[in-house]
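Reading through the structure tokens given below for one structure.
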Amino acid sequence: MFLSLLTVLISAVFPITQTPWVEKGITAERVSDGFVVAWQDLRNGEGEIYASFLTDKDTKLFPVATASPSSGEGIYFSCPTFASEGNHGLFVYEVYSSCLDTDFGYCSSIDYTTVDVGATNEVIAAGGLHGCQCPTMGYDYGFWYTKPHLASSGRYMLLASLNETFSMGVVYTSIVADLLKPNGQILYTHNFLPTDPYTSLVMPPAVTSRRDGFVLVYPELALTNGDRDLAIVYFYNGQAVSTKKTIGLDWDLSYHPIPEIASIGDVFLYTVGLSDGNSTGVLVFEYPDIPADIFTLSDARRAFPVAAFGKFYIFYISADDEIYAVRYDPQTGLIDSSGVPVIITPEPITELSAAFDGEKIFLSFVQNEDIYGVFLDSDLQEINNNPVKRDAEPLITINPNPIKGNILKAHMRTPEEPVGFEVYDASGRRISTCKLGLLNGSDVMIELPGSIRPGVYFLAAKTRKKIYRTLFIKM
């Protein structure tokens, strides 16, 4: 909370574009013994992946993928997608890598981490699914895999991601769908192209399971006339068995909308953010017929549908930065069209996700740089709640902060003793190596170079195994 208020106070003086610790999206999913919440965490300045396994009585935080401070060749992770078979969890995320020749910019790949979620939260394996391909024709060319979305049917998983190729000022897009084993092994790969690759773009996908198969949904935009289609692909035993399109959707989609999907039997409810940033398009369809219903929620951003208690619950962040919900009955249609308040607080809510375990809805949201979890009953009444994010105390604390002069006084809780200290600016560029003034157990005094100007910086404490970071402000 202190950091939030401090950031507001100094933002008029120092140009801060993204506050440390703030997450870029979260995902909540059910596992056998509880729930998992995963997020992109910026505590070390690189967008690492963290997750928390939780029940209604306990939480356990664990790292999924970490990165060292940037020094010209940075790696940045995206918000992950997650699915599980029992308590065997698969995390999938984007990795942005700088190419060797900085004139060629960056490329993006898809990586994974498998974790035994629950008692140990042990990382079993990690690797790549689609490799990064650096540009070869200058900065106007690039090859990216982005916006992954994962679903599990128990035995298999389906991963869908957006593939973008930039060439000579033109963007070419396609959807890559991979049938996976829960250990991350790819069994089949399908590519879905737009109707005309030169005049149409496909947009980020959403997937969900269906009996022994999956359903993939993605928008397609015709650049010539602005027509908007929605492609719906059904899979059985890993193979696409049918593809249909809903044509003439009256939705103005942004270039990178955030889609979600939930299902009850053969009925599916799909949500996608619209370009105004404050409304959500909703499509309800039933296999094999489409559509059953189409409507727009006008005051709903970052909507997230959940199938629970025989109905669809669409949770969303309102214009007042609070959480509301509408319910949709597959038999009778939309209920509570004006929205029912679920989480009303004086502090803004920025991200949310939700899941269902057969007995209660689990709603997770970001507020004041912390992630919270709330359990709800069928009437959307709160059962209990608890914070699910970070340790009670950071591993490195600086006091006072902001600092005056060139001496940092820090308290260390790192598992290993640091062997060196470095300072990075707000963009992640290393600007100096610090002198150790005094090390007395957990307390350390560090001398900063006299050339450091007032501003926002990161102190990196380097051990033999890892690098730990914390933010400080030089007055």
Side-chain angles (χ1 to χ4, degrees), residues 78 81 94 105-110 130 133 135 137 139-151 158-179 188-208 214-235 239-261 268-277 279-285 287-291 294-296 303:
S78 72
T81 181
E94 304 167 41
Y106 293 82
C107 61
S108 177
S109 59
I110 300 290
H130 291 286
Q133 299 185 31
M137 299 172 59
Y139 64 86
D140 194 38
Y141 178 85
F143 198 83
W144 299 68
Y145 289 97
T146 63
K147 307 298 184 295
H149 204 286
L150 185 66
L158 186 72
L159 171 68
S161 55
L162 180 66
N163 179 227
E164 299 176 284
T165 301
F166 300 83
S167 179
M168 305 303 290
V170 180
V171 180
Y172 302 95
T173 59
S174 63
I175 298 295
V176 179
D178 302 299
L179 182 71
Y188 302 100
T189 297
H190 306 269
N191 288 277
F192 299 94
L193 299 174
T195 304
D196 186 335
Y198 298 98
T199 63
S200 300
L201 293 173
V202 294
M203 299 182 182
V207 293
T208 189
F214 300 92
V215 173
L216 161 68
V217 181
Y218 62 90
E220 180 178 332
L221 173 64
L223 301 178
T224 53
N225 55 20
D227 285 349
R228 294 169 291 276
D229 299 342
L230 204 63
I232 301 173
V233 184
Y234 296 97
F235 290 83
Q239 298 294 325
V241 295
S242 65
T243 302
K244 296 190 177 185
K245 288 189 176 181
T246 299
I247 300 173
L249 293 175
D250 189 22
W251 294 341
D252 187 6
L253 297 174
S254 61
Y255 180 62
H256 280 309
I258 301 177
E260 300 290 351
I261 189 170
F268 303 86
L269 188 145
Y270 168 86
T271 62
V272 62
L274 304 184
S275 62
D276 62 8
S279 57
T280 294
V282 182
L283 172 72
V284 183
F285 59 98
Y287 179 83
D289 300 319
I290 56 172
I294 301 176
F295 56 92
T296 299

Completion exercise
Rounding to 0.5 Å, atoms NZ (Lys244) and OH (Tyr234) come to a distance of 6.5 Å
Problem - Heavy-atom side-chain contact between Trp144 and Glu94 under 4.5 Å - result: no
Exercise for the section: Grab the two heavy atoms, one from Ala151 and one from Thr208, that are nearest each other, plus how far apart they are. Expected result: CB-CA, 3.7 Å
Practice task
Would you indicate whether the side-chain heavy atoms of Leu230 and Val272 approach each other to under 4.5 Å?
Solution key: no
Problem - For Val207 against Ile261, the heavy-atom pair lying closest together - result: O-CG2, 3.4 Å
Practice task
May I ask you to decide if the ring planes of Tyr270 and Trp251 are parallel, tilted or perpendicular, using 30° and 60° as cut-offs?
Solution key: parallel
Handout entry: Side chains of Val282 and Leu269 in contact at under 4.5 Å (non-hydrogen atoms)
Key = yes
Handout entry: Atom CG of Asp250: over 12 foreign heavy atoms under 6.0 Å
Key = no
Handout entry: Distance-only side-chain donor-acceptor flag, Asn191 / Ser174, under 3.5 Å
Key = no
Handout entry: Reported CG-to-CG distance for the pair Leu159 and Leu179, which is rounded to 0.5 angstrom
Key = 10.5 Å
Problem - Within-4.5 Å side-chain heavy-atom neighbours: His149 and Glu260 - result: yes
Exercise for the section: Please indicate whether Tyr287 has more than 12 foreign heavy atoms, meaning atoms of other residues, nucleotides or ligands, lying under 6.0 Å from its OH. Expected result: yes
Practice task
Please report the closest heavy-atom contact between Arg228 and Asp252, naming both atoms and the distance.
Solution key: NE-N, 4.2 Å
Problem - Interatomic distance, Met203 atom CE to Ile175 atom CD1 [nearest 0.5 angstrom] - result: 10.5 Å
Just distance, no hydrogens or angles: give the donor-acceptor pairs under 3.5 Å from side chains in residues 214-224, sequence neighbours left out.
| from | atom 1 | to | atom 2 | distance (Å) |
| --- | --- | --- | --- | --- |
| Glu220 | OE1 | Lys245 | NZ | 2.9 |
| Glu220 | OE2 | Thr195 | N | 2.9 |
| Glu220 | OE2 | Thr195 | OG1 | 2.8 |

Exercise for the section: With the side chain counted from C-beta on, respond yes when Thr173 and Leu162 share a heavy-atom pair under 4.5 Å apart, and no when they do not. Expected result: yes
Practice task
Measure from the side-chain N and O atoms of Ser161 to the backbone N and O of Lys147, and report whether any donor-acceptor pair falls under 3.5 Å.
Solution key: no
Practice task
Indicate the atoms forming the closest heavy-atom contact of Pro205 with Pro259, along with that distance.
Solution key: O-CG, 3.4 Å
Problem - Between His130 and Asp178: side-chain donor-acceptor atoms closer than 3.5 Å - result: yes
Handout entry: Close side-chain approach of Val233 and Phe192, heavy atoms under 4.5 Å
Key = yes
Handout entry: Heavy-atom side-chain proximity of Thr280 to Thr271 below 4.5 angstrom
Key = yes
Handout entry: Side-chain heavy-atom pair Ile232, Phe285 within 4.5 angstrom cut-off
Key = yes
Exercise for the section: Give the minimum heavy-atom separation between Pro194 and Pro197, together with the two atoms involved. Expected result: CG-CA, 3.8 Å
